[in-house]
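Owing to the predicted nature of the structure, the values given are computational and were not obtained by experimental measurement. Just so we're on the same page: letters track the sequence lines, and every chain starts at 1.
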Amino acid sequence: MDRPGAENIAGQACSFTNEDENETFYLRGLKLAQIREKGINPYGERFERTSLAEEIKENYEIIQGQRVAVAGRLMAKRGHGKATFADLQDLSGRIQIYLRSNEIGEEAYALFGKVDLGDILGVEGSVFKTRLGEVTIAVQRFVILSKCLRTLPEKWHGLKDIELRYRQRYLDLIVNPDVKKTFIIRSKIIQAVRRFLENRGFLEVETPMMHPIPGGAAARPFITHHNTLDIDLYLRIAPELYLKRLLVGGFEKVYEINRNFRNEGISTKHNPEFTMLELYQAYADYVDMMNLTEELLHNVAVEVLGSAKIDCEGQEIDLSPSWKIIPMSEAVKEYTGLDFNEINSDGEAVRAAEEIGLEAEKPGTWGTVLNQVFEERVEPKLIQPTFIIDYPVDISPLAKRKENEPRLTSRFELFIMGREIANAFSELNDPIDQRMRFEEQAKKRLAGDDLSHMMDEDYLRALEYGMPPAGGLGIGIDRLVMILTGLSSIRDIILFPILKPKEQGSHENKDL
RNA sequence: GAGCCAUUAGCUCAGCUGGUAGAGCACCUGACUUUUAAUCAGGGUGUCCGGGGUUCGAGUCCCCGAUGGCUCACCA
């Protein structure tokens with residue numbers, strides 16, 4: 001590149017990749033240098049604000065004529081010779097600013113000519129309304145707080161390219177106001193959950209994210225390595241077993257909101273790292289958890305959205321209590337006609353599934369087949385909030401058995417919009433039963449099922465000291481946010497969803 | 001992992017049966033002191049995702065690859 005000064009923008013030695021060699025970047029670099037030549041630092045210091053854009057607009061009657069100071073990003077500029085209108089955007093929204101040469105002086109007005117769309121400015125001036133009624137700040141003084149060297153996405157269409165929106169989320173946030181709103185709602189949902197639990201006496205705790213033995217869920221883990229100890233560790237797939245150790249230790253109501261990591265497929269409903277709420281309450285059971293779940297979600301919806309009725313992908317979801325409760329076998333009977341209560345062997349169960357056109361999974365026990373039929377034929381149809389209870393013991397290695405029905409556990413999952421939102425059970429606190437379940441799981445593992453639970457002696461030892469009976473609940477925060485915001489892709493409610501890195505290198509070495 | 005679709009200027013997009021690459025916004029030059037998708041007069045700033053191939057000639061056709069989206073599989 002043989003443009004003068006391009007490799008030495010603003011007097012600073014720096015290198016740019018080919019990608020950056022567009023005209024705009026070069027020209028803005030020159031403006032940056034010109035601003036510096038005037039003795040002005042285009043990357044300014046702290047700026048004392050008096051107001052946010054929306055506050056000024058909302059309180060115009062009171063604030064009219066007063067001097068205000070606002071800061072934000074320049075989003076539009078309309079020059080009229082010796083006067084210029086522009087729009088400044090801060091967290092709250094946008095406000096118009098107005099600069100006149102004879103008001104701020106010719107030198108300052110000329111400097112404003114070096115200001116580009118995307119620059120971050122601080123302005124001071126008095127509030128007035130234009131002829132057309134727009135609340136505007138008549139600028140008396142402005143400072144450049146940060147120079148923008150690149151072109152912002154288009155003002156009218158915004159940033160639509162989905163890949164760019166995820167890879168450069170900051171642009172998405174600058175240019176698409178709804179995106180900002182979504183993530184504010186996400187934050188409010190989590191705050192509301194914490195407040196709700198705090199009010200009920202739950203203690204927030206943090207348990208390890210790196211586990212010597214991954215447990216508490218059926219999922220493939222990520223493996224990492226600790227150098228000094230020279231051991232492999234697993235990023236946690238669930239915090240469950242650690243939280244229950246805390247019940248043994250005497251904490252009676254605990255919860256954790258944090259990331260889980262599962263090394264599995266990526267889709268609009270699955271991100272490899274996702275946020276989970278898990279809570280445990282001593283001396284309670286899964287029915288208590290059902291009530292808690294219902295109250296929690298209803299409460300959060302009303303608090304954050306102002307209503308228990310939410311619009312989700314064109315469907316109205318009503319989170320007002322009380323939600324339907326259906327045993328899994330009854331739900332299956334209702335939607336397929338198969339009555340698993342009348343089925344008494346694994347072989348029979350497999351044949352029954354095949355009769356309705358399902359290919360039963362390999363080993364295929366009564367419980368796994370029941371669950372499979374449920375997932376394939378019932379789950380997608382559960383649109384309004386529905387508790388499915390009485391899960392088979394085969395797929396619930398950490399849940400307490402029902403006393404009068406040993407094939408089943410005291411467990412429920414909550415479904416909304418055909419998606420699993422919550423999972424809860426009466427926690428298995430019998431160390432002998434837990435040991436047998438782990439052994440059962442270990443057998444499956446040996447047979448090649450790498451999703452089965454690993455034997456965890458340390459956890460068993462904790463149970464052997466005695467864990468109070470307890471109810472435990474897990475809620476997928478991302479999926480909850482999806483329901484409450486009505487968005488159908490998990491990537492739209494995670495700020496930086498996982499994406500494959502773009503290929504590098506092709507342009508990196510070209511300059512050398 | 002499989003199928004389908006997409007990838008063209010900073011952004012949003014057009015580009016037919018193969019014939020020297022276009023628009024709007026943004027940007028650059030000039031005019032303009034209440035505009036608001038400001039306006040007016042000029043100016044295209046490009047590795048058409050990458051690599052091969054067919055052809056006199058490829059953004060366009062064929063093959064391979066990259067990334068993304070959707071569907072499916074996986075994920076109880």
Side-chain angles (χ1 to χ4, degrees), chain A residues 18-28 30-31 75-87 94-104 109 116-118 128-136 138 148-168 171-172 174-176 217-220 237 262-272 274 328 361 367-376 379 388 391-392 394-397 399 411 413 420 423 444 449-453 476 488-489 491 497 499-507 510:
Chain A
N18 284 14
E19 179 195 11
D20 301 323
E21 284 182 27
N22 68 55
E23 196 69 21
T24 305
F25 191 77
Y26 166 72
L27 287 163
R28 289 190 174 204
L30 285 188
K31 283 185 195 166
M75 298 303 289
K77 201 178 175 189
R78 296 175 291 279
H80 297 264
K82 297 250 181 276
T84 298
F85 288 94
D87 298 336
R94 287 189 190 188
I95 189 154
Q96 179 167 266
I97 61 174
Y98 179 55
L99 295 92
R100 286 194 307 168
S101 173
N102 57 359
E103 177 81 31
I104 62 168
Y109 194 76
D116 293 304
L117 292 192
F128 76 108
K129 248 183 198 174
T130 61
R131 206 188 280 160
L132 293 169
E134 174 111 12
V135 176
T136 303
C148 173
L149 295 177
R150 296 177 183 268
T151 324
L152 289 184
E154 212 236 4
K155 62 178 175 186
W156 195 243
H157 298 95
L159 185 65
K160 284 192 174 165
D161 186 306
I162 291 172
E163 191 176 350
L164 283 182
R165 287 187 44 225
Y166 298 152
R167 284 191 198 279
Q168 292 178 268
L171 290 181
D172 196 23
I174 290 170
V175 119
N176 297 326
R220 287 182 196 89
I237 55 175
R262 298 189 183 174
N263 204 343
E264 277 149 6
I266 296 169
S267 76
T268 46
K269 313 233 170 340
H270 303 264
N271 198 59
F274 60 99
M328 182 183 275
E361 285 156 17
T368 60
V369 173
L370 169 59
N371 183 56
Q372 191 191 346
V373 175
F374 169 76
E375 283 185 350
E376 296 194 25
E379 202 176 298
I388 296 296
Y391 274 65
D394 319 37
I395 57 159
S396 313
R411 173 181 176 186
E413 286 193 0
E420 177 195 335
N423 178 18
K444 284 194 191 171
D449 178 8
D450 59 352
L451 293 177
S452 290
H453 215 285
S488 59
S489 171
R491 296 184 195 109
L499 293 179
K500 229 176 180 179
K502 278 280 195 190
E503 254 190 322
Q504 296 233 320
S506 56
H507 63 61
K510 248 185 190 170

Which of B:G68, B:G10, B:U33 is nearest the side chain of A:Lys82? It is B:U33
A:Lys155 has a side chain; which of B:U36, B:A37, B:U67 sits nearest to it? B:A37
Donor/acceptor link under 3.5 angstrom from A:Glu134 side chain onto base of B:U34: no
What does A:Arg411 touch in the nucleic acid at a heavy-atom separation under 4.0 angstrom: a base, only the sugar-phosphate, or nothing? base
Where the side chain of A:Asp116 is concerned, which of B:C28, B:U35, B:U33 is the nearest nucleotide? B:C28
Checking contacts here: which listed nucleotide (B:U34, B:U35, B:C70) is nearest the side-chain heavy atoms of A:Thr268? B:C70
Without decimals, in angstroms, what is the distance between A:Glu376 CD and B:C72 P? 12 Å
Roughly, in whole Å, what's the span from CG in A:Leu499 to C1' in B:A66? 14 Å
Nearest 0.5 Å, please: how far is CG in A:Asp394 from OG1 in A:Thr368? 6.0 Å
Can you check salt bridge (Lys or Arg N to Asp or Glu O under 4.0 Å) on A:Arg78 and A:Asp87, steps first, answer last? CA-CA 9 Å; A:Arg78 296 175 291 279; A:Asp87 298 336; 3.2 Å; yes
Please tell me if the side chains of A:Asn102 and A:Lys82 come closer than 4.5 Å, counting only heavy atoms from C-beta onward. no
Regarding A:Ile162, tell me which of base, sugar-phosphate or nothing describes its non-hydrogen contacts under 4.0 Å with the strands shown. sugar-phosphate
Could you state the atom-to-atom distance from CZ of A:Arg150 to C1' of B:C27 in whole Å? 15 Å
Would you measure the distance from the C1' atom in B:U39 across to the matching atom in B:C32 and give it in whole Å? 9 Å
Students often get this wrong, so: under 4.0 angstrom with heavy atoms, is A:Lys129 touching a base, only sugar-phosphate, or nothing? nothing
From B:G10, B:C74, B:C28, pick the nucleotide closest to the side chain of A:Lys31? B:C28
With a 3.5 Å cut-off and heavy atoms only, can you find an N or O donor on one side and an acceptor on the other between the side chain of A:Ser101 and the base of B:U33? no
Quick one: on RNA chain B, does A:Thr136 or A:Leu159 contact a more 5' nucleotide (nearest heavy atom)? A:Leu159
Using a cut-off of 4.0 Å on non-hydrogen atoms, how would the nucleic acid contact of A:Glu154 be classed: base, sugar-phosphate, or nothing? base
Rounded to whole angstroms, how far apart are CH2 on A:Trp156 and P on B:A26? 12 Å
Could you give the distance separating B:G53 and B:A58 at their P atoms, to the nearest angstrom? 12 Å
In this structure, how many angstroms lie between the P atom of B:C27 and the CG atom of A:Leu149, rounded? 15 Å
Using a heavy-atom cut-off of 4.0 Å across all strands, would you classify A:Arg262 as base, sugar-phosphate, or nothing? nothing
Of the nucleotides B:C27, B:U36, B:G68, which has the atom closest to the A:Thr24 side chain? B:C27
Duplex segments of RNA chain B, taken as runs of at least three Watson-Crick or G-U pairs that stay under 3.5 Å: B:1-7 with B:66-72, B:10-13 with B:22-25, B:27-31 with B:39-43, B:49-53 with B:61-65
Donor-acceptor contact present, side-chain A:Arg411 to main-chain A:Asn423, <3.5 Å: no
Is any side-chain heavy atom of A:Leu117 closer than 4.5 Å to a side-chain heavy atom of A:Cys148? no
Select one nucleotide: of B:U33, B:U36, B:U34, the one nearest the side-chain heavy atoms of A:Gln96. B:U36
When A:Lys160 and A:Glu420 are each assigned the nearest nucleotide of RNA chain B, the 5'-most assignment goes to A:Lys160
Polar pair under 3.5 Å, donor/acceptor by atom type, side chain A:Arg78, base B:U35: yes
Between B:G69, B:U35, B:A26, which nucleotide has the shortest distance from any of its atoms to the side chain of A:Arg491? B:G69
If I pick the C1' atom on B:A37 and the same atom on B:A26, what distance separates them, to the nearest angstrom? 12 Å
Is A:Leu27 touching bases, backbone alone, or none of the nucleic acid, heavy atoms closer than 4.0 Å? sugar-phosphate
To the nearest 0.5 Å, tell me how far A:Ile95 CD1 sits from A:Met75 CE. 15.0 Å
Which nucleotide wins on minimum distance to the side chain of A:Asp161, given the candidates B:U35, B:U12, B:U71? B:U12
Just the rounded figure in Å: distance from P of B:G65 to NZ of A:Lys500. 12 Å
Would you kindly give the CG-to-C1' distance between A:Leu117 and B:U36, to the nearest whole Å? 13 Å
Side-chain (A:Asp172) to main-chain (A:Tyr166) donor-acceptor, under 3.5 angstrom: no
Which part of the nucleic acid, if any, lies within contact of A:Phe128, taking any heavy atom under 4.0 Å across all strands shown: a base, the sugar-phosphate backbone alone, or nothing? base
Distance between C1' atoms of B:A23 and B:G69 (Å, rounded): 26 Å
In whole Å, what separates the C1' atom of B:A2 from that of B:G18? 33 Å
Nearest-Å distance, CZ (A:Arg131) to P (B:A38)? 17 Å
Please work out if A:Gly79 contacts a base, only the sugar-phosphate, or nothing of the nucleic acid, heavy-atom cut-off 4.0 Å. base
How would you label the contact of A:Phe374 with the nucleic acid (heavy atoms, under 4.0 Å): base, sugar-phosphate, or nothing? nothing
Expressed in whole Å, how much space separates the P atoms belonging to B:C49 and B:A14? 13 Å
Under-3.5 Å donor-acceptor pair between A:Asn102 side chain and B:U33 base: yes
Of all the heavy-atom pairs spanning A:Glu264 and A:Ala219, show the shortest one and how long it is. OE2-CA, 3.2 Å
Report yes or no: does A:Tyr109 contribute a side-chain atom to a donor-acceptor pair with the main-chain N or O of A:Ala83 at less than 3.5 Å? yes
Donor-acceptor contact below 3.5 Å, side chain A:Gln168 vs main chain A:Leu171: no
